[in-house]
Amino acid sequence: MPELPEVETVVRSLAPRLVGQRILAITTTPSRVFRGQQQVITACLPGQQIHQVQRYGKNILLTLDRHRVRIHLGMTGKLLFAPAPSTHPRAMLALEDALLVFDDIRQFGRFELLPAEESGPVLGEDALEIAPATFAARLRERRGAIKNLLLNQVFLRGMGNIYTDEALYLARIHPLCPGFLVPRRKALALHTSMRALLQEAIAAGGSSISDYVDASGQRGAFQDRHQVYGKEGDPCPRCGAAIRRMVVCQRGTHYCPRCQRMPSVR
DNA sequence: CGGAGCCCCTGTAAGC
DNA sequence: TGCTTACAGGGGCTCC
């Protein structure tokens, strides 16, 4: 499931091969990933040059001559350069020097056309860029559970289920702890561990749990360094207590019941 | 604001 | 072995 590090890895593998290239042709198969824009997309993309490839949270933005393409990988979306194998191609872009395929098994992703200057919905600050003090101050303003806040892209952009569980574990914060009840010291610790975690994951090429691969079809390596995600029942690497799993906003949530305590109410 | 619940979608794993 | 069912979850939506 692509989150910030996976999307960043994809963008890095795409950029050198896309910038400056002209889109010669595009073919699509009917899919909800186009949100009704399939006709417009096939009509508008050919002939335009790609000027920039950026990450905006978990979105990939391609800046063209007259438009911008916003790609979200959802759960199983991939951007692949031929000849990397593709099983569920939704869009195929013929470029001057490459063939790029947007593949998405479950179609939770999106491939949509935006006006040139737009980036889609306005999201919160990037998880890798937000300043520690700002992060702590924002948390203090909210009553919602910390896990929900970190997953909320309008609050903070880039974090997904896996890295949220890992970051909360590293900072020893219970996933259900309300934002304003996270002590400033722990909020700063969370900022530090989140940043380090994301950077290490990017350096490892992201986490490949099931489907994720970069644009060359390469899997990431960070899944081997997860401490709690997918580790229900395993001993906590720090204290040995059994890692627990619960559901928070419909997401499997993994944590150490001993290391990650709720603040005591008194 | 915030939480709960549902939906989309399909491959995989578990259960019978 | 083969069928059925549950589950995975990013994000968008409604409802209270």
Query raised in the report: Just by protein heavy atoms under 4.0 Å, how would nucleotides 6-16 of chain C read 5' to 3' in B, S and -?
Result: --BBBBS----
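- Atom-to-atom, CG of Asp104(A) to C1' of dT10(B) comes out at 10 Å; the value is rounded to the nearest Å.
- Judged by the 6.0 Å distance and 45° axis criteria, Arg70(A) is not positioned over the aromatic ring of Phe111(A).
- Criterion: ILVMFWY side-chain heavy atoms under 4.5 Å apart, direct or through other members. Under it, Leu170(A) and Ile146(A) are part of a common hydrophobic cluster.
- Axis angle across the helix from dG2(B)-dC16(C) to dC16(B)-dG2(C), with five pairs used at each end and values rounded to 10°: 50°.
- With Tyr255(A) as the aromatic partner, Arg261(A) does not meet the cation-pi criteria of under 6.0 angstrom to the ring centre and within 45 degrees of the ring axis.
- With values rounded to the nearest 0.5 angstrom, Phe102(A) atom CZ is found 12.0 Å from Thr28(A) atom OG1.
- In this structure, His88(A) does not reach the dC9(B) phosphate: none of its side-chain N or O atoms is under 4.0 Å from OP1 or OP2.
- Arg90(A) and Asp104(A) are not joined by a salt bridge, as no carboxylate oxygen comes within less than 4.0 angstrom of a charged side-chain nitrogen.
- OP1 or OP2 of dG3(B) lies within a sub-4.0 Å distance of a side-chain N or O belonging to Asn148(A).
- Ion pairing between Glu8(A) and Arg55(A) holds under the 4.0 Å rule for side-chain N and carboxylate O.
- Contacts classified as side chain to side chain donor-acceptor pair (under 3.5 Å) and involving residues 180-205 of chain A (residues at least two apart or in different chains) are given here: Glu200(A)-Arg225(A).
- Judged by a 6.0 Å distance limit and a 45° cone about the ring axis, Arg138(A) is not positioned over the six-membered ring of Phe155(A).
- Heavy-atom nearest nucleotides on DNA chain B were determined for Gln107(A) and for Ala145(A), and the one closer to the 5' end corresponds to Ala145(A).
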